[in-house]
Protein chains: 2
Amino acid sequence: MTTPAQGLHSHVLATLGLAITAGEYPPGTVLRTDELAQRFDVSRTVVREVVRVLESMHLVESRRRVGVTVLPTASWNVYDPQVIRWRLAGADRPRQLRSLTVLRSAVEPVAAGLAALNATPEQCRELTEQALGMVATSRGRRLEEYLVHDVAFHRVVLDASGNEMFARLGDVVAEVLTGRTHHHVMFEDPDPAAVTLHVQVAEAVRERDAARAEELTRQIAVGALRELDVLAP
Amino acid sequence: MTTPAQGLHSHVLATLGLAITAGEYPPGTVLRTDELAQRFDVSRTVVREVVRVLESMHLVESRRRVGVTVLPTASWNVYDPQVIRWRLAGADRPRQLRSLTVLRSAVEPVAAGLAALNATPEQCRELTEQALGMVATSRGRRLEEYLVHDVAFHRVVLDASGNEMFARLGDVVAEVLTGRTHHHVMFEDPDPAAVTLHVQVAEAVRERDAARAEELTRQIAVGALRELDVLAP
DNA sequence: GGGAATTAAAAGTACTACTTTTATGTCACA
DNA sequence: TGTGACATAAAAGTAGTACTTTTAATTCCC
């Protein structure tokens, strides 16, 4: 019906997780294990494993004699890539994109500054290559190809920062960039100014100019925020 | 043996999660379900639920005919509060504190800037109150009381930013601050300069001066980084 | 009317039987 | 001798049932 997964577990998890993050069950809603088992036509064992996972994401809480209670948004593990994916697939995707972009605007400049200090020659090379790829695909409705380079570029920056917490945001950034490209009208080519900035960031990192890398990335971030109307125009 | 939890599940989860994040099972290690069941003296059902949760944290991967394989650090959900707690309790806690502090240094200044724009009067009041609490407890070996105000202060800032992703870092910040206080010698009073900065941040937020709130928070962050020798002295 | 005892509903745990996947080893054929 | 198809078995996945434990809610007694 929703996602034809390879296992019963995955299927039930995907369906329930999506429904909960989409707000179909308001916080406080109580689900009963065997009711769910019946609904999905699986054994209680499968449902219990799913509930345990949802519980570890703090989407629900399971209490004896009460049932499985849906928790308020505030307690969700919003950094769980799975949860992020569910929410981006749901209704409040715009809001979600906004808050993730604000997060990016805080993290990426600092990450770029660190990358300038820590990037390996290989990473510098990779960065330049992706930036050039962006230039090459920035005209003529080649948005899909452009996106690939864009995602790769930001991933390298986050990895090269040498900070594990930053590195793990690579998936988030990928989701945001993909979401943005696919959500927008997809007709217009990317902003030339942004493309140039990426090339310059690669340059700054190569030259070990941390302050410049940070500042340039901050400008990219401002552009991204403006695009989503987070900032005044 | 390790953590006497209230349920079998929690106990096994805590023990295994801690062991894996501590690096006791190198990536690639294969665990068998019924071997674990035997070792912990619980049923396979319980083990399977635990494995499912560990799988959702990307600590392990379960494949048929192979077993439960421990995954490399790079794929762990390092933003999962549970994972963070396990890692802070383990051996590489210093490294962990460092990378989390770098994350803070990126996020909190931006959050403070947003807080200056979005904080409710109630939040402004709360902020001032916590800052004053910090001042009051900053002398005379009252580190535990000081910590409470410090944590509360940063939580309010993150909440007041109005950004959900920032707000959810409250727990992380709490862990870091607690870890730092308890790890250090606990003899010396907090840096007076830091205390003053907190008061000034509260002031800036109250006066809706976003730029100042951001800059002051950046100074707090620099202090925190220096304290952990992340920056050169 | 309030508090203690009872009840029952739902999750937690255990165990067992069966199914499915799949790594690995075997054997035949080129 | 090497290669590919096939058989085997090992381990996870699924199901179903029986039992335990917790605890909200009801009842009943003082």
Side-chain angles (χ1 to χ4, degrees), chain A residues 1-17 19-20 25-72 75-76 82, chain B residues 1-17 19-20 25-72 75-76 82:
Chain A
M1 193 193 280
T2 41
T3 320
Q6 68 278 36
L8 293 182
H9 176 86
S10 325
H11 173 241
V12 177
L13 180 64
T15 310
L16 260 184
I20 293 173
Y25 305 102
T29 306
V30 176
L31 308 165
R32 252 100 82 272
T33 324
D34 29 9
E35 183 206 304
L36 291 174
Q38 210 170 351
R39 173 134 66 91
F40 287 102
D41 191 36
V42 294
S43 70
R44 225 175 51 123
T45 316
V46 171
V47 173
R48 296 200 74 267
E49 285 173 13
V50 168
V51 168
R52 281 257 129 98
V53 172
L54 292 174
E55 216 174 357
S56 87
M57 294 168 172
H58 287 90
L59 294 183
V60 302
E61 185 193 39
S62 175
R63 288 174 58 200
R64 271 178 157 137
R65 164 72 212 220
V66 175
V68 178
T69 315
V70 177
L71 294 175
S75 53
W76 297 354
Q82 184 66 94
Chain B
M1 194 194 277
T2 40
T3 321
Q6 69 277 37
L8 293 182
H9 176 88
S10 324
H11 173 242
V12 177
L13 181 64
T15 310
L16 261 184
I20 293 174
Y25 305 102
T29 306
V30 175
L31 308 165
R32 251 101 80 280
T33 325
D34 27 9
E35 183 207 304
L36 291 174
Q38 210 170 352
R39 173 136 66 90
F40 287 102
D41 192 34
V42 295
S43 72
R44 223 173 54 119
T45 315
V46 172
V47 173
R48 296 200 73 267
E49 284 172 15
V50 168
V51 167
R52 280 257 127 97
V53 172
L54 293 174
E55 216 174 357
S56 86
M57 294 169 172
H58 286 92
L59 294 183
V60 302
E61 184 193 39
S62 175
R63 288 173 58 201
R64 270 178 155 135
R65 162 75 213 217
V66 175
V68 178
T69 316
V70 178
L71 293 175
S75 53
W76 296 355
Q82 183 65 96

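Residue numbers start from 1 in every chain, and the chains themselves are labelled A, B, ... in the order their sequence lines are given, proteins ahead of strands.
Taking OG of A:S43 as the reference point, atom CD of A:E49 lies at 8.0 Å (rounded to 0.5 Å). Interatomic distance, CZ of B:R39 versus OG1 of B:T15, reported as 9.0 Å (0.5 Å rounding).
Counting all heavy atoms, side chain and backbone alike, B:V53 lies closest to A:R52 at CG2-O, 3.7 Å. Of all non-hydrogen atoms in B:H58 and B:L71, the two that sit nearest each other are O-CD1, 3.5 Å.
Residue A:H11 contributes atom NE2, which lies 18 Å from atom P of D:dG13 at whole-angstrom precision. Taking atom CD of B:E61 as the reference point, atom P of D:dG13 lies 11 Å away to the nearest angstrom. Distance NE2 (B:H9) to P (D:dT22): 17 Å, rounded to an integer number of Å.
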Restricting both atoms to N or O, compile the protein contacts to nucleotides 20-22 of chain C shorter than 3.5 Å, with distance only.
unit_1	atom_1	unit_2	atom_2	d
C:dT20	O2	B:R64	NE	3.4

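Using a distance-only test at 3.5 Å, with no hydrogens or angles considered, a donor-acceptor pair links the side chain of B:E55 to the main chain of B:S62.
Of the residues listed (B:L8, B:L36, B:V50), the one engaging B:V42 in a side chain to side chain contact (heavy atoms under 4.5 Å, CB included) is B:L8, and it is the only one. Just one of B:V51, B:L54, B:L16 meets the side chain to side chain contact (heavy atoms under 4.5 Å, CB included) condition when paired with B:L59; it is B:L54.
Of the residues in residues 33-58 of chain A, those placing a heavy atom less than 4.0 Å from an atom of DNA chain D are A:V42, A:S43, A:R44, A:T45, A:V46, in numerical order.
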Worksheet item: Is there a side chain to side chain contact (heavy atoms under 4.5 Å, CB included) between B:I20 and B:W76 once you walk through the steps?
Response: CA-CA 11 Å; B:I20 293 174; B:W76 296 355; 4.2 Å; yes
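Minimum atom distance to the side chain of A:S62 is reached by C:dA11, of the listed C:dT13, C:dA11, D:dA12.
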